[in-house]
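In listed order, ligands and their atoms are each counted from 1. Values in this document were obtained by computation on a predicted structure and should not be read as measured data. Values below: all heavy atoms of this structure, side chains included; hydrogens, waters and symmetry mates excluded.
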Amino acid sequence: MINMTMQSKKKLALIGAGAIGATHIQIAENSPDFELTTLVDPSEAAKALAQSRGIRWYADYKTMLESDHPDGVIVATPNTTHCDIATACLDRQIPVLVEKPITDTLSSALQLVEAEARTGIPVLVGHHRRHNPILRQARNIVDSGVLGKPVSVTAMATFFKPDAYFDIAWHREAGAGPILINLIHDIDMLRFLVGDIDSVQAMTSNARRGYPVEDTAGAVLRFCNGAIGAVTTSDTTVAPWNWDLCAGEAAHYPRQTENTHFLSGSDGSLSLPGLDIWRYHEKKSWHAPLTQERSTPHLGNPYAEQLHHFAAMIDGRESALCSSLDGMRTLEATLAIHQAALTGQTVTLGSQA
Ligand SMILES: NC(=O)c1ccc[n+]([C@@H]2O[C@H](COP(=O)([O-])OP(=O)(O)OC[C@H]3O[C@@H](n4cnc5c(N)ncnc54)[C@H](O)[C@@H]3O)[C@@H](O)[C@H]2O)c1
């Protein structure tokens, strides 16, 4: 008897079967939309993994693209390879889910944006938090207008990376710190909730560990709609205030119940991930009682939601929740934090390409 479920599933290839690749494999193997048919990764571990799953394995993505015909590809390789690999897939008319950051530089991000426009084949950038039901609820609250106009936002991303993390040489070098690895997710969240960022001021510090890479950073963001944001990150603090620990997205981060992101508007405020709304119901004054309304956050796996959305994109039913343009703008704002800290100057976005 023909298994109709399997027959109707889309064929998925994963390029890059490392740390986040393992998450994608686990999600794909439980997906109602996809069947993981192919792994591309030169490592022996990936080859053995493919053999154990009975799926095809290639060491090189070009060879895979010549002989395999997946309906979609996930690119989960190092950042410097994203542009070339994703472009090669688009040129073969294959939709791509490319991990964050979209690429490693603004110019290569622009190349990928242009490749998407040239081929007409869609790209989804893996800023997976956008697919978290909590963030979708938050976006609905913002869009409902209950908070009024966005005025001020604060995001915290403070946590502790164990010493062993820095045994890997590139983790100690500039560019591998909490700004580009971690804070980029928070920047994307703020762009998703508040809108585009106009300009950035920032400072960084390596005072705790003394490596070339920063261990701590603070930035002030001006949004195009006039709102002001303040974000801090550190990977050398013992603290619960970061999305990974508090939003319950992955079991390997023991869950905390603190809020980490705070949106203050002209008519009300929202804290995340708890989804608390603060409002006045009588007079709008700091002397009047301020009420706290608790929503019940819907929990769901953002990586599974992201893959489900990718299937809908392939079918043409949905457009990318995080487009290549979004990925590029989030990267630009994040790189601007580095640039602002380095120069001590305000960096205006759109002036760096
Ligand atoms: N969205 C998230 O939550 C999240 C989390 C971690 C990492 N990431 C992103 O995912 C990407 C990969 O990060 P990681 O931590 O999994 O890295 P990793 O080093 O653990 O894995 C990368 C894998 O890619 C393979 N690889 C390298 N070059 C390749 C090529 N040309 N073709 C095929 N395979 C190749 C390597 O052998 C390795 O197995 C990065 O862009 C990173 O920023 C995203």
**Request:** Considering the heavy atoms of His128, write down every atom of ligand 1 situated less than 4.0 Å from one of them.
**Result:**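 Ligand 1 atoms under the 4.0 Å threshold to His128: 1 (N), 2 (C), 3 (O).
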**Request:** Run the numbers for me: atoms of ligand 1, each under 4.0 Å from some heavy atom of Asn79, listed by number.
**Result:** 40 (C), 41 (O), 42 (C), 43 (O)
**Request:** Examine Pro42 against ligand 1 and note whether any of their N/O atoms are separated by less than 3.5 Å.
**Result:** no
**Request:** Return a yes/no value for Tyr303: is any of its N or O atoms, backbone included, closer than 3.5 angstrom to an N or O of ligand 1?
**Result:**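 Right, the criterion is met.
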**Message:** Quick test of your reading of the model: are Asp267 and Arg279 salt-bridged, counting only N-O distances below 4.0 Å?
**Reply:**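 No.
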**Request:** Keeping to residues at least two apart or across chains, list the salt bridge (Lys or Arg N to Asp or Glu O under 4.0 Å) pairs with something in residues 88-104.
**Result:**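 Sorted pair list: Asp91-Arg118.
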**Prompt:** Side chains of Thr216 and Ser205: do they bring a donor and an acceptor to under 3.5 Å?
**Reply:**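 Ser205 and Thr216 do not have a side-chain donor-acceptor pair below 3.5 Å.
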**Prompt:** Given side chains that start at C-beta, do those of Leu221 and Arg191 come closer than 4.5 Å, heavy atoms only?
**Reply:**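 A side-chain contact under 4.5 Å is absent here.
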**Prompt:** For atom 22 (C) of ligand 1, which candidate among Gly16, Gly21, Ala76 holds the nearest heavy atom?
**Reply:**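 When every heavy atom of Gly16, Gly21, Ala76 is considered, Ala76 comes closest to atom 22 (C) of ligand 1.
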**Request:** Tell me which one of Ile74, Ile181, Asp41, Asp60 gets a heavy atom nearest to atom 23 (C) of ligand 1.
**Result:**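 Going through Ile74, Ile181, Asp41, Asp60 one by one, Asp41 has the nearest heavy atom to atom 23 (C) of ligand 1.
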**Message:** Among residues at least two apart in sequence or on other chains, which ones pass salt bridge (charged side-chain N to carboxylate O under 4.0 Å, His left out) with Asp215?
**Reply:** none
**Prompt:** Between Lys100 and ligand 1, which part of the residue brings a heavy atom under 4.0 Å of the ligand: side chain, backbone, both or neither?
**Reply:**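 Under 4.0 Å from ligand 1, Lys100 contributes backbone and side-chain atoms.
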